[in-house]
2 protein chains.
Amino acid sequence: MKRVGIKDVAAAAGVSATTVSHILNAVEGKRINPDTRQLVLETAERLGYLPNNLARGLRLSRSYTVGFLSDEIATTPHAGLIIKGAQEAAAELGLLLLMLNTGNDRELEQKEIDLLLQHRVDGILYASMYHRTVEVPEQLRSVPTVLLDARSDDPAFPSVVPDEEQGGRTATRELLDHGHRRIGFVTNSDDIPATSGRLAGYRGALAEAGIGFDAALVSADLSDAQGGYRAARRLLGTAHRPTALFCFNDRMAMGAYRAAAELGLTVPGDLSVIGFDNQELISENLFPALSTVALPHYEMGARAIAQLQAVIDAPEPAGAPRSQETLHCPLVPRDSVAPPPRL
Amino acid sequence: MKRVGIKDVAAAAGVSATTVSHILNAVEGKRINPDTRQLVLETAERLGYLPNNLARGLRLSRSYTVGFLSDEIATTPHAGLIIKGAQEAAAELGLLLLMLNTGNDRELEQKEIDLLLQHRVDGILYASMYHRTVEVPEQLRSVPTVLLDARSDDPAFPSVVPDEEQGGRTATRELLDHGHRRIGFVTNSDDIPATSGRLAGYRGALAEAGIGFDAALVSADLSDAQGGYRAARRLLGTAHRPTALFCFNDRMAMGAYRAAAELGLTVPGDLSVIGFDNQELISENLFPALSTVALPHYEMGARAIAQLQAVIDAPEPAGAPRSQETLHCPLVPRDSVAPPPRL
DNA sequence: GGGTTCTGCCAAAACGATTTGGCACCTGCC
DNA sequence: GGCAGGTGCCAAATCGTTTTGGCAGAACCC
């Protein structure tokens, strides 16, 4: 099952391989007779010629391939959108994505990077499945690398992350805009950028609205539905309960729904709820559908590829500080936010 | 930033490139002095030699690369596990996955297949994000291809799919085993293998238990939480209501929970519920946690790679019928199934 | 000692593209 | 006619491997 090569096209068109190559690659500064060009193009088309990327890459020292190295691809549905964004942006540039995941195994990671280097990838996307600070493996210094949904303390690596603080501000503002003044924050207790960023956004929005920060309105717990349930119960059990809850993520919001139901509070009539992450499986299937703030996963993937391309193109003075890009988290309004009940 | 090649190793070790190649590839039937072997291995290690896969592939007509072509990677969290299964099994064989998704755009799909062929992939996994029958593009006949979570009417393509019928039987049996005799089936109304397969499994399990099929216990609707809610309401509103519900998927089960809550029925005290798909974001976060049946996504990915490898190895008589593999769907018991209430 | 067999290694030809450096022919001009 | 310059094409080298078909020299045998 032999594929047709450039020589076959050349022979069929009665010209040399050189000429075919010049024509197909539209090389600048080469004079080609329009008739010949036409003939060659038609012949290539007719024979179904597809350039052999291995040969091409060998000659050009360029594989038109990018490694996508992620810590844990399986656990979150977000992974899909990041990949999709990266893949589509890559395809636009004629690049293909080589997927690997390390499962947070440092040793395996080494081997996988070697594999990618063997395949002579043009660059590597080092992706995390949740926004965090990472320790970048040494080997990645020898190849263009961009951090995706992750950042490093080493400024030599460009990174693309969501703007957690703006997201927190957006969520809180959505509640403020509906007239809420007493807003609880159901947060989580991990020390990650999302936690501190969203809290900062929450405080910022309150300050803007001239509302003082009240630590009694913040309740932290595990970041799943159980945790959200407990934290919400604590906040809603108080005498002067909040009229709205900003939840750290949609899973915690799911728990908040249950807490509200148990207390006989309807959403959004008695209590408004807003989540974060826009996990559609949850936010769209809850009743009422959950208003939330989306993480720009698709855009992160796409922007990471753009950054990578920039590094590949730029003859980088190694170690020079690179762009740390922060992406906007948009509001996704649904049905869980309404004006506070009249007292 | 030039990488070290086989010639560099040869020079450093004082032998020819031929010898280095023989040693590193452990070629059979070649006599090598153990001392030389040792020296070469050490030199390669010391210089950090990594073979250039492009050159290697060019020579061997083998890229050690597999295309993963999926219709829609983003919409479902299952995607991650399929990919992970495929990726890990591939890595085991020294293969890397080239990811592309078509978004169900036939024209784009053509281009992407061309791209994969340009990169001279050793084979292609043609994956669907839900079990269905597909029309395989013509171009895929020229390259080893395996259908993943999909099947074709053309028996030339091997495929790997979940055993929907066994899954339906397993779910129903779980309810029967807890003593339920009156079991409702909240199903969906699309004409896909999952619908008919799970229904067949439901009927099969009932028959085994000597219970007659009652069409009034089956209610179809959209396959999301809203649909599940409506279907469950219909079944639970009847005079002689079922004591347990088998739901087509976890999202519908989520709706069933709400229906139960509205009717004042507790799960699993008054009503047992079992789902399907094991969407952990839902099943683990519902209260009580949802018992369900898992789709073997990881295994499907892994088995598909195994099948692909078989096709690559086998000098296939083109068009010969290939294996259609069906994978077991395991029960995932949680807290939503209990014995029926005593009347 | 001379032939034969082993041992251990190597030179050179692929693989399929791109790129460098021409070369042959034509045209126009004096 | 001779020369300069332009036009349109091509031969050969190259990228980094693998593989084929040896070839020297040592060891063995009689």
Side-chain angles (χ1 to χ4, degrees), chain A residues 1-41 43-44 47-65 94 117-122, chain B residues 1-41 43-44 47-65 94 114-115 117-122:
Chain A
M1 200 189 315
K2 207 167 160 327
R3 305 224 169 251
V4 358
I6 201 173
K7 283 184 200 156
D8 302 313
V9 177
V15 298
S16 74
T18 304
T19 304
V20 175
S21 174
H22 286 336
I23 293 176
L24 293 182
N25 293 309
V27 177
E28 310 259 331
K30 286 289 171 183
R31 299 159 305 221
I32 301 283
N33 186 316
D35 290 348
T36 318
R37 172 193 311 283
Q38 186 63 18
L39 173 62
V40 166
L41 289 177
T43 313
L47 300 186
Y49 170 70
L50 288 180
N52 182 328
N53 202 267
L54 297 174
R56 195 150 195 276
L58 175 58
R59 182 63 232 258
L60 300 181
S61 313
R62 193 99 162 54
S63 66
Y64 294 93
T65 262
L117 293 179
Q118 278 188 31
H119 282 255
R120 295 300 190 265
V121 290
D122 297 338
Chain B
M1 199 190 317
K2 207 169 157 325
R3 305 223 169 253
V4 358
I6 203 174
K7 283 184 198 157
D8 303 310
V9 176
V15 299
S16 75
T18 303
T19 304
V20 175
S21 173
H22 285 337
I23 294 177
L24 293 182
N25 294 309
V27 176
E28 310 260 330
K30 286 289 170 182
R31 301 157 302 220
I32 302 282
N33 186 316
D35 290 347
T36 319
R37 173 194 310 283
Q38 186 63 19
L39 173 62
V40 166
L41 290 176
T43 312
L47 299 186
Y49 169 71
L50 288 179
N52 183 327
N53 202 267
L54 296 174
R56 195 149 195 276
L58 176 58
R59 183 61 232 258
L60 300 180
S61 312
R62 193 99 161 55
S63 66
Y64 293 93
T65 262
D114 278 353
L115 251 185
L117 293 179
Q118 277 188 33
H119 281 255
R120 295 300 191 264
V121 291
D122 297 340

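All values derive from a computational prediction rather than experimental measurement. Chain letters run A, B, ... following the sequence lines, proteins first and then strands; every chain starts at 1.
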Quiz prompt | Angle of first-five versus last-five pair axes in the helix from dG1(C)-dC30(D) to dC30(C)-dG1(D), to 10 degrees | solution = 70°
Quiz item: What residues, two or more places apart in sequence or in another chain, satisfy salt bridge (charged side-chain N to carboxylate O under 4.0 Å, His left out) together with R59(B)?
Solution: none
Practice problem: Classify the side chain of T18(A) versus the base of dA11(D) as yes if they form a donor-acceptor pair under 3.5 Å and no if they do not. | Solution: yes
Practice problem: Apply salt bridge (charged side-chain N to carboxylate O under 4.0 Å, His left out) to R62(A) and list each qualifying residue two or more places apart in sequence or on a separate chain. | Solution: D122(A)
Quiz item: On DNA chain C, which is the earliest and which the latest nucleotide, 5' to 3', with an atom closer than 4.0 Å to a heavy atom of chain A?
Solution: dG16(C) to dG21(C)
Quiz prompt | Sub-4.0 Å heavy-atom contacts from residues 24-32 of chain A onto DNA chain C, ordered by number | solution = N25(A), K30(A)
Quiz item: Can you name the side chain to side chain donor-acceptor pair (under 3.5 Å) partners of T43(A), sequence neighbours left out?
Solution: none
Quiz item: Sequence neighbours excluded, which residues qualify as side chain to side chain donor-acceptor pair (under 3.5 Å) partners of N33(A)?
Solution: none
Exercise. Residues of residues 48-57 of chain B with any non-hydrogen atom less than 4.0 angstrom from an atom of DNA chain C: list those, numerically ordered, please.
Key: none
Quiz prompt | Those residues that, when tested against D114(B), pass side chain to side chain donor-acceptor pair (under 3.5 Å) (two or more places apart) | solution = none
Exercise. Using salt bridge (charged side-chain N to carboxylate O under 4.0 Å, His left out) as the criterion, list what pairs up with D8(A), not counting sequence neighbours.
Key: none
Quiz prompt | Partner set under side chain to side chain donor-acceptor pair (under 3.5 Å) for T19(B), not counting sequence neighbours | solution = S16(B)
Practice problem: Only pairs at least two apart or in different chains count here, so list each salt bridge (Lys or Arg N to Asp or Glu O under 4.0 Å) that has a residue in residues 11-38 of chain B. | Solution: none
